[in-house]
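Structure first, then comments.
Side chains are part of it too, since the values below use all heavy atoms of this structure and drop only hydrogens, waters and symmetry mates. Every chain is numbered from 1 and lettered A, B, ... according to where its sequence line falls, protein lines coming before strand lines.
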Amino acid sequence: MTESLFAQTVATATGLLMLTAVLQVWRRSTDASTRLLAVQGAALALLVGAIGLAEGHAELVAVAVVVFALKGVLLPWVLARTIARSGIHREDSSAVNPVSGLLAAAGLATLAYAVSRPLVALDAGPAAHAVPAGLTLVLVGFLVLLTRHRAVSQVIGFLVIDNGIATVAFLTAGGVPLVVELGVLLDVVLVVLILRILSARLELAHGELDLHDLRELHD
Amino acid sequence: MTALAVAWQILVAVALTPVLVGVMRQVRARLEGRVGAGVGQPWRDVRKLLAKEPLAAEGAGPLMSAVPVILVISSLVSVALVPLLGIATLAWVPDDLFVVVSVLLVGTVALALLGLESGTAFGGMGSSRHMMIAALVEPTVLVAVYALSVPVGTTALSSILQARMSDPTTVISPVSLLALVALSIVVLAETGRLPVDNPATHLELTMVHEAMILESSGRDLGWLELGSWLRLTALLGLVVNLALPWGVAADLGVGATVIATLAFSVKLLIAGSMIAAAEVFLAKVRLFRVPELLAGSFVLAFLSVTASYLLV
Amino acid sequence: MTLTDVGLLSQPVLAGLAFIAALAVNDSRRSAIAGTLNALLGLATAATGVGALLGEPGSLTFATGIPGIAHLGQLALAPDRLGGIFLVVVGVVGALSAWFGVGYAHGATATRAAWAAYPIFLWGMSIVPAAGDAVTFLLGWELMALGSTVLLHSEHATRPQVRSAVLWYAAMTHLSFVLLLAGFAVLIASANGTTWEALAASPPTGVSASLAFVLLAGGFATKAGLVPVHVWLPRAHPEAPSHVSAAMSAAMVKLGIYGLLLVTLRLLPDGPRWWAIGLLVLGGVSAVYGILEASVTSDLKRLLAFSTTENLGLMVTGLAVAMMLRSTGQRAVADVALVAVVLLVISHAAFKTVLFLGAGSILHATGERDLDRLGGLARRMPRTAFATSIGALAAAALPISSGFVAEWVLLQSLVHGDTRGPTADRVIAIALPITVAVVALTAGLALLTFVKVVGIAFLARGRSPEATNAHENPASMTVPMWVGAGLVLGLGLVPGWVAMVAAAAVGASGIEPAGLAGVALPSVNALLDPVSLVLMSLAVAVPIAVITVRAARKAPRRTVDLPWGCGGVRVDPTMQYTATSYAEPLVRIFDDALRPTRDLDVTHTVESDYLVREVAYRQRMVDQVERGLYEPVIRLLWRIGDQARRLQDGSVHRYLGFSFAALVVVLLVVTW
Amino acid sequence: MSLFLWIPLLVPAACAAAAATRRQARWTRPLGLVSALVILVTGLGLLGSITAAGGEALTAAGDLFRVDALAAYLLMTIGAVATVALWADLSVPAEPDGWFTALVCAFLAAMTLAVLADNLGVLWVAIEATTITTAFLVGYRSGRRSLEAAWKYVVLGSVGVAIAFLGIVVLYAATRSAGHPTLSWVELVRLAPQLDPAVTRLGIALATLGFATKAGLAPMHSWLPDAHSQAPAPVSGLMSGVLLSVALYAVLRLRTISDLALGPGFMRGLLLVLGVLSLLVAATLTLTQRDYKRLLAYSSIEHMGLMAVGVAIGGTLATTAVLVHILGHGLVKSAMFVQSGRILRAEGSSKVADVVGLSARRPDLAGPLLLGTAALLGFPPFVLFFTEVAIIIAGWAAGLAPVMLIVLALLLLTFIGMSRQVLAMTLGPAPDRSVDDSTVARLPRKAQAPVTVALGAAVAAGLVALPAAAALGAAVTGLGVTP
């Protein structure tokens, strides 16, 4: 893989990641969010694969495949099924309107750029320059968590954060050690599954669930 | 030798006290246009009462007869301690003013308990008022003592008196005058004279001292009367000696003692007459205005202390 | 092995035995066995104190699980002479209280928890003066707090007020601990180690020193029950079982004075003038406010609690005067003031034990502690009455009691702070007369208060059936009172050697024995020999007695139904003066300071509005400090609590917002 | 010897597997306690042998596991606290419940893994694994409230820990640019002086913030009161008693790296803010708290705040005190949660207002509650007294006087709030109820024993000169703390 092609691929992938993140804030449809998540997962896998090829790490390529399988296919599919079963296709009770959300996302992106300056300075490669994108993903994911009231939207927000962290990990260091990486992936899958089980049980108990009304426990 | 002098002082005081009361009553009677019972009447009263049987309420405790004796002893001990005739004191029982005050307070407390023991509303009332006055008098007394002790550096009365005898100008210093006025008011309050208490009242509701001893009779009453009068002698004698330190015996000689006895009798009787004369023109103040009077005397005493520090 | 060593070693052993006995012995014999063991613990403590006073070195160390917390991780008990005095006080008071408890404690006051807490309380109290370093001191302090809190809660199931008393007590005690911890931390921070030697060797300077002093003084003042941090005292003392009240009031609060002495004499001896002024104000206000509240209170134990505030105020006043005089170089007079402080400590310990045990005895016999419902107990309970009266004698500072001696020494030191001439000092010239006045007013009101106590409770006739039918308590309760009363009289009659010991404890010179058993203060030209005074009074009494006896033989006493009674007949005992009415003139005079709430309901007869059928009068005394200072703070606290609850309103979004905000802030800070 | 390290990990894992497969069997019930005891014994053994060996660490699995004195101490603490909580659970008769036992064992295994791991990444995975296992335990009762608590716990916990992972990633990047990519504690400490300060700052800050979530430090604490009050009592005890401390253990390790790379000021400032905020939250929310299980949860936040302050102070004394505090708090808090669970079962409500006159009616329930409260409030002879004193003294000596004054004021407020609610429950006359309480069966002595033993241990830990003095010294030295 040539230097320029690598740079191009990294740029494309990070661009896709950023785009999906922004769209996540924008769109209200849970179906769309799920599809965006799948695209995001694929972009992440593309990024990992590119880095793996560029640095000649075969195991990274393998990780890319796993990432694609999990984040690009499995988890979006699980979410899609959850949505289909619960019948909630729209996030209609978001705390902020899309414009403020987008503005906030822009602010967070700025913060991410400011924060990641020392990280970018560590390494001159094209990968390092894309680190702010990862950080933006983390912050935007948090924003989604913070503003969405549906259980499934929160899971999506959590996954966006996770994608962001993974992006940072691969861009700065070519990924953490394999043991850790696999552990992390396993943990993420388990957390998503737990959240799914819990949301299913919650809906069983509460009916159609707005998380903002989940306030029986308080002081 | 000193013990003899002290004993003589006690004897003189006991003999003089009924006379003092008699003179005061007589002066007052004459000024009010009455004939009066004569100077010897209090003495005869005490003798008569001491011979009479006391009455005791059913179930009354030993306090009814103990208190009068305690009061007399407390008064006698004060009389013994206060330098009325001479400045000689017993080596181990110095005439410390704090001790004198405390010994007098024993009598005060005994009286108050007597008032409560009687179990009647008036006894309690008298006791309550009596203690309230005693409590409020205390600051004035001690601060006045303080003022008097500052120039001498001791609270021993004889030393204070001696200093005054050797330098009579100190008597009319502002410190001394303020303290003496304060002390005089205190003496009036402590001994139940006008304007704090009317010793001749017959209305229970206005009584303080008399209300406490309403239930006592016979021998008990005799001791109570004598004890209370002795307090007057001790306190008034102290004030006159502080104000006019002349004639007080500086040694234990017979001559000096005779002169001192005479001088003291004259001073005391004159002072008593003056009080009696003043009482004719005074009305008893309301109980709840007594604190104002005592506050006034306290301020005088306090000023005298600060004056002793700041002016000298 | 010195006496001190033996004592120090036997204390934990006895405390352990008492603890185990409390848990192991069954209900019927628990009070007897645990009480006896606790009394022995008290005696061991007193013996330790005697050893320390004799100057016998001794120490006991034990290690903690935290290396480096104190010197080599070792907590050390090594009492000096000053500590020795307080050990004796704690030990004797503790022993008497426990002994009294043998007969007194029953039911809720004799549970496993109560008797198990007693040795913790007692041992904690004895650790404080014996401690050789700050951490050990704090350990003892908190053990004492824990033990007393447990004891205090004994009767919660029958009296609802106990709960609030416990809460007040726990909170104020913890305030005291927190202040002390902070204060000692200041000292430790500038020193190399935690032992008193190390702390004294390199004290902090400037602002740190003042901070340490303020913190420590605040902490000790809280324990000593000084105004305005006295509020726990009038709540806790009435609610605790009486033998515990006695130990708390007579011994525990005294450790606040020990702490102040420790700080001002040993740890921070050279403080600026305003420290002394601050303490003087604290002491003076406490003395007057305490006795004023006491004089108008009719709950006997609450009255005694306020009287404790008064007495502790006097002690602090004495200490402040000593500090002030020292700072102007009048060491000799300052020494007299210090001796007065120690004498006040000893005297108060003795008479307050008697008084609280007396109150307990009355409570046990009548179930009442409201003076308004007592009366005539001198005839029903003569032994209790006599002992309590002797305690009251000392509380009123009358001769020949210990209280008189102590107050006399205090007054002597106050009036001899000579400030004329080259050492003239305006502050002292103003402060001393005011102090004399404060002490005098305090003494006067104390007189009234304790005349009220003795007169209303013991004299005349019972004001309630409980009082009328009371019976004297068994010897196990009266004998400890008598021992205490004996101490009161003993100290009052032979103050000479006590004053010498007190002088040795605070390193004072110029105190000499004089007369038969008296004390002389050459530095202020004063001498007091109570035995001689008594002999003189006896001499004077002889003719009086002769006359009385002869007259009595001729005309014996005649018993009638009512000698005079203003010509009336004897009416209901409830028409006697009560404690409330006795204090009524004072309440009126100090109306502005006391602000009582009064309700007057007049019911008229149906026939005419001019005829009164019934008058109901209720007067309630509320502690003005509590109302003015604490209630607003407490309301504020509860409001803060209610507002803060809204933080946790259950919204997961809000919670995420907290995390997100923290993340953003941290990112911003890191980027900065 | 290195085989020894596998025991505390594999035994609980095996127990979990066994219980999960044979869910109805009676013999599965004590498996949790067995795991706890195994961890306790191995922890003690490791601590002893490491101390005896002069503090030299043991390794296994190709340096993936490394146990120094600190880790062994933590292992012992986990074992001790778990023993208390699970023994107490066992002492009341109940039907065997395989899933529950399996989850508890898995939870224990995850915590053990977190402590054993020499690798920051593995530690993270283990801590996230504790979230997963405990999520089911929190929502175990499947009621609306339990589910709500579980949801909040998982969302807030996972997100928080995700931040920690971001921090770890950044740290890893820093080591990579220093030429030696690693997540091993030992290597990180060795490399620390060469790390890029700006990047390390970012990494440390994020990682600390993340682990602070699991440690229950404000403002990341919000999940804690819900989760701790809704979980079954032994689980609450375990979570409050040791899970929080395991997260704090990570912070302790991070502090060493931070001090070497950035100087002591950075971490101190961060932790002081977190600690004081936690104390503030705990103080204000205990004042008028209405639920006694939440009260205990806020008390945990208070203690974690205090420990965070202790870690922030640093130095031998404060660090030792924090370590001892972990043990003391764990023992007492687990006992307290057990006790509160019993009160809940007896009274049927976790509202303070619904429990009246407990001392008069049920002294067997009120006694340990009061004693435990005294312990939590820092009364001697309980060990928390010594640790609190030590932390404050150390803080003052470190020149943090104003902070210490604030800390003390907040501790006082917490004291007031906590004692107010507990006294409201326990003291006072028993209400007149139709149910005659004297007929209600008292807890048998067997059931009381675990709580008593825990409180006794909390006393012993403070007063006895533990042989642990040497062990603690080794643990603190292992952290590279300079006195």
Where does [X] contact chain D at under 4.5 Å (heavy atoms): side chain, backbone, both or neither?
X      : answer
A:I161 : side chain
A:E216 : both
A:L145 : side chain
A:L186 : neither
A:V115 : both
A:L171 : neither
A:L135 : side chain

Contacts of D:D196 meeting side-chain contact (heavy atoms from CB on, under 4.5 Å) (sequence neighbours excluded), chain-then-number -> A:L122, D:A198, D:V199
For chain A, which of D:T131, D:V159, D:T182 has the most heavy-atom pairs under 4.5 Å?
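Sorted descending by pairs with chain A, the first entry is D:V159.
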Specify which of D:G139, D:S177, D:A135 makes the most heavy-atom pairs with chain A at under 4.5 Å.
D:S177
Tell me if the centroids of the rings in D:W99 and D:F136 come within less than 6.0 Å of each other.
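Ring-ring flag for D:W99/D:F136: false, centres at least 6.0 Å apart.
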Sub-3.5 Å donor-acceptor pair from the side chain of D:S258 to the main-chain atoms of D:L254, do we have one?
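Side chain of D:S258 to backbone of D:L254, a donor-acceptor pair under 3.5 Å: no, none is there.
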Check ion pair A:D219-D:R294 (N to O, under 4.0 angstrom)
yes
Pairing of D:E148 and D:R144 as salt bridge, 4.0 angstrom limit:
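No salt bridge links D:E148 with D:R144.
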Only residue of D:I168, D:T175, D:V122 satisfying side-chain contact (heavy atoms from CB on, under 4.5 Å) with D:L183 is D:I168
For A:A43 and A:L16, work out which heavy atoms get closest and say how close.
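Minimum heavy-atom separation between A:A43 and A:L16: CB-CB, 3.8 Å.
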As an exercise: rank [options] by heavy-atom pairs under 4.5 Å with chain D and give me the winner.
options                        : answer
A:G164, A:A151, A:A205, A:G157 : A:A151
A:V184, A:D162, A:V168, A:V131 : A:V184
A:S116, A:A169, A:A166, A:G134 : A:A169

By the definition side-chain hydrogen bond (donor to acceptor under 3.5 Å, both in side chains), identify the one residue from D:S299, D:S340, D:S300, D:S240 that meets it with D:H228.
D:S240
Which bit of [X] is near chain A, if near means a heavy-atom gap under 4.5 Å: side chain, backbone, both or neither?
X      : result
D:L285 : side chain
D:L166 : both
D:R145 : both

Under the side chain to side chain donor-acceptor pair (under 3.5 Å) rule, what pairs show up with a residue in residues 165-191 of chain A, not counting sequence neighbours?
none
Does a side chain donor of either D:T59 or D:R66 reach within less than 3.5 Å of an acceptor in the other side chain?
no
